[in-house]
Every structure is written in C-alpha cells, then in structure tokens.
Protein chains: 2
Amino acid sequence: MTGQVRTVDGRVAGRRGQATRQKLLDCLGEMLSSSPYRDVKVIDVARKAGTSPATFYQYFPDVEGAVLEIAEEMAKEGAGLTELVSGRSWVGKAAWQTSEELVDGFLDFWRRHDAILRVVDLGAAEGDKRFYKIRMKILNSVTNSLTDAVKELQAKGKVDKEVSAAAMAGSLVAMLAAVAGHQKGFTTWGVKQAELKPNLALLVHLGITGKKPVR
Amino acid sequence: MTGQVRTVDGRVAGRRGQATRQKLLDCLGEMLSSSPYRDVKVIDVARKAGTSPATFYQYFPDVEGAVLEIAEEMAKEGAGLTELVSGRSWVGKAAWQTSEELVDGFLDFWRRHDAILRVVDLGAAEGDKRFYKIRMKILNSVTNSLTDAVKELQAKGKVDKEVSAAAMAGSLVAMLAAVAGHQKGFTTWGVKQAELKPNLALLVHLGITGKKPVR
DNA sequence: ACTTGTCCTGTCATGCCGTCAGCTTACCGA
DNA sequence: TCGGTAAGCTGACGGCATGACAGGACAAGT
C-alpha cells in the first residue's frame, strides 16, 4: 500500500536516490524554520543539500510538493496524539491531570514541528484541500477523541445536552493549535509559558466538563 | 503627523499618484483573496490595475510592503473591536449577551478581512516583527479589555486569584482568531455556524467568569 | 570488460524581479 | 498664454529562479 518511492518521471528510486531525496527533504525542513516560506527557493535547498536544482525536480514537482511530503510524514506522527485523550478519565482529579497532559503533549508536538505546521496552516486557510486534509488528519485524532469524551459525559448527564460536542472539541483544539503557533507571541505579551499552560488546561477542563477543576 | 504619502524615491504623491497607489492596493487585496500569497506576483497586480510593474515599485518597496500597508489600514478598523468588551457587564444575564456579541463581532471582522489576516498571521508566526505588531494592535484591543474584565472580577472575589488574567484573555482571543480563520474548516467537519457561535460564547463566558452562563 | 538501469548535472528557453533613464502629463506662477 | 518644474508612467535591461532535456557518471550483475 505504501508503494515505492517514485521520481516525477515514473522511475522507481533506489537506495542512493532515496537518500538524496531524503536529504532534500531535510534541508527544505531546515530552510523553512530559518526563512519565510515565501522566500524558500529551490536553488537554495539544492545548494544546501549539495546537489543541483535539476535533481530536486526529479523527485518533487515543486516546493509545495516537497512540503506536502514532509507534512504527510509529520501527520503520521500526529495521529499518535489520540493517546493524549482516548481512554483517559474526565472525572474528578483525574480530569485535571488529563487536561494538563493534553495541553503539554499538544504544545510540545507543535513546538517540534513549528515551521512546517505554519505552512500547513496557511495552505489550509487558503483553501488548499491537500493541506487541509493533512491538518484534519492531525487535529481529527484529538478532536474526535474529545468529541467522544463530551458525548460520554452528556450521556451520563454530567454535561448539558445543548452543548455541541463537535463544536466544543473543535474550538478547544483550534485554540490549542493557535496558542501553540504563537507561543513566542505570548511571551512578548508578558505572559510566561508557566502560566500559559495551566490556563489552557483550565479552559480545556471547563470546556469539556463544564466545571471548575478539582486539583 | 500623518505625513504625506510618498513614493519610494521620496517624491510626494499627488491626486493622480494616490489614486494609482490605491488602485494597486485594491487589486493586491483582491488577488490575495483569490490566489495563494506565495503566488501573488507584482506583474499580475500591475496588470490587473492596468499599469506596469515599474509603477508598482514607485509606491512600494515590494509585495510585502504593500501588504503591510493594507494590513495597517485594517488594523485601524480593528482597534474598534475594543467596543465589544469595554464598558460591558460580565455579571448575570448581561455576561452571556456580552459573550455572544463579542464572538459575533469578532467572527464578522475576521470574515471581512479574511485574506489579509491570513497573511498577517503567517508573517507574525514566522517572526516578522512588523506583521507581529499589526496582529498585536488588533488583538490587543480585545485582549487588554478582556484582561481588565478578568482582573476586575478577581478584585471582587468572583474569580480565583490563581488565574492569570493575561494568559486567559490571550488564550480566548487566540481561540477566536483561530476558529475565525478556519470557519470553512468547521463546516466540513460537520459543525454548523449556528452551533459554533454559542459554543464559542460559552467558552468565553466560562473562561472569563469561571461559571456557566445564565441565559 | 560489458550491459543495464539508476542517478546526477550542464545547459537552455522562459518568465518574473527590480532598476533606470527618459518620456509624458499636470500644475503653477508670471 | 506660456514656459518651468515636479509628478507620473513605461520600455528596456541585467539578473535570477524555474523547469525540461539529453547525456554523462556510477553501481550491480553477468
């Protein structure tokens, strides 16, 4: 199902080819974190990878194509974020811990993939379906788990029926993603990382359970 | 203090010049909403405005410079968002109305300036101080008002002292901005606009007052 | 050594960028 | 009415990234 890695013109890539390809991806990833997406040029990536622009075009149709590749890879890892929610308890003290761990895990993931997520976000916001799909893939894993959590609490009568589970989960996840994407921004605002996390956890807790947390 | 409008090489722009300049800005704005930022070319903007690329460079150092201009304009309007919070009540039924109106006003503003805000967001996320400053200008107006609201409630003993007012306000505003930026996304997710807004308002209410709303 | 298929690069046409000199247009005072 | 002056615009150009191709370099098997 994975299919072999192929060049643009259809050849299958061998050991050496795959190495080159990977090197190009790595260099592109680095470039994205050090300079604006708009200014990333194929020639720079190629130079950095110690090869030529022509080689780049053997493996990717354009810069965007390569970015999608990196993003896809990241999305696979992102699917693991489900673990932060599924099977956790949303009752009593455990709920507070769940909230905290969710926030921690989420922010950490975002910080690790900072640069590429920015580009994915932009692509998605601009309406590009491919980027949108990737963003979905990452966020869905968390959103769906959270949606289930809310529905479960609703079934037990612990949360108002009026609340739209999906909208609530989606909003919270969007918040986490946004804050994560502007972490640097908050510091300039005079908000320290240390106070940010508990507040996010508090909002998550409030949103999901509708109650103040018991710590 | 406003200073006259000047060309890149220092001449003051007259009536005709200002008109051309404005036309270029308008066309750039349109282009941004119809095609990805990365693909916006000076030549396209110029053609659309019925002029030549050289003319564009008379008025703006580059595409980014022009975008900043548009963004600055929008930021002025955005300062008015303060009205959505300052002087409003966060007690009882009034609090729920305040929340709803804040969400409404915010989402509306974002929808109106959709395209340009996307670019500003990207620029800010990439660490460009100029874009960051503009984003601040818009969000600060709301964030500061919200921060004050929380502090006031804390002074009255209605909200826990532990809560960091700034972090809470910042997180909520980031959430609103994020959701607003991906409004289309939510619909694909099976979440309707109609259920989104009340949920956001609920989260805002919960975050600021720490309590469930009285409707 | 020879063949085969993979892999890389030199080169080229194309098109956009950003700049300049120089032409046209509008305004203003005499 | 008529220059003079500054504003406004554009054609043209060097420079650079893009993307396509053909041919050379390389590894592996025979």
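Labels below follow one simple rule: chain letters A, B, ... track the order of the sequence lines, proteins then strands, and each chain is numbered from 1.
- The CZ atom of A/F60 sits 15 Å away from the P atom of D/dA20 (whole-angstrom rounding).
- No salt bridge links A/E64 with B/R38; every basic N to acidic carboxylate O contact stays at or beyond 4.0 Å.
- Checking B/Q58 against B/R11 by side-chain atom types alone, a donor-acceptor pair falls below 3.5 Å.
- The pair A/D108-A/R111 meets the salt-bridge criterion, since a charged nitrogen lies less than 4.0 angstrom from a carboxylate oxygen.
- For B/D26 and B/Q22, the side-chain atoms include at least one donor-acceptor pair closer than 3.5 Å.
- Using a 4.0 Å cut-off between a side-chain N of Lys or Arg and a carboxylate O of Asp or Glu, A/E83 and A/R88 do not qualify as a salt bridge.
- A salt bridge is absent between B/R118 and B/D121: the closest approach of a Lys/Arg side-chain nitrogen to an acidic carboxylate oxygen does not fall below 4.0 angstrom.
- Helix bend of the helix from C/dA1-D/dT30 to C/dA30-D/dT1: the angle between its two end axes, each built from five pairs, comes to 10° after rounding to 10°.
- For B/Q97, the CD atom is loosely surrounded, since the number of other residues' heavy atoms within 6.0 Å does not exceed 12.
- Under a 4.0 Å N-O distance rule, the pair A/E100/A/K197 does not qualify as a salt bridge.
- Taking CD of A/E72 as the reference point, atom CD of A/E77 lies at 14.0 Å (rounded to 0.5 Å).
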If a protein heavy atom is under 4.0 Å from the base, mark B; if only from the sugar-phosphate, S; if neither, -; do that for nucleotides 3-19 of chain C going 5' to 3'.
---SBBBB-----SSBB
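- Contacts between residues 26-33 of chain B and DNA chain D, defined by a heavy-atom separation under 4.0 Å, are absent.
- Interatomic distance, CG of B/L206 versus CG of B/N199, reported as 10.0 Å (0.5 Å rounding).
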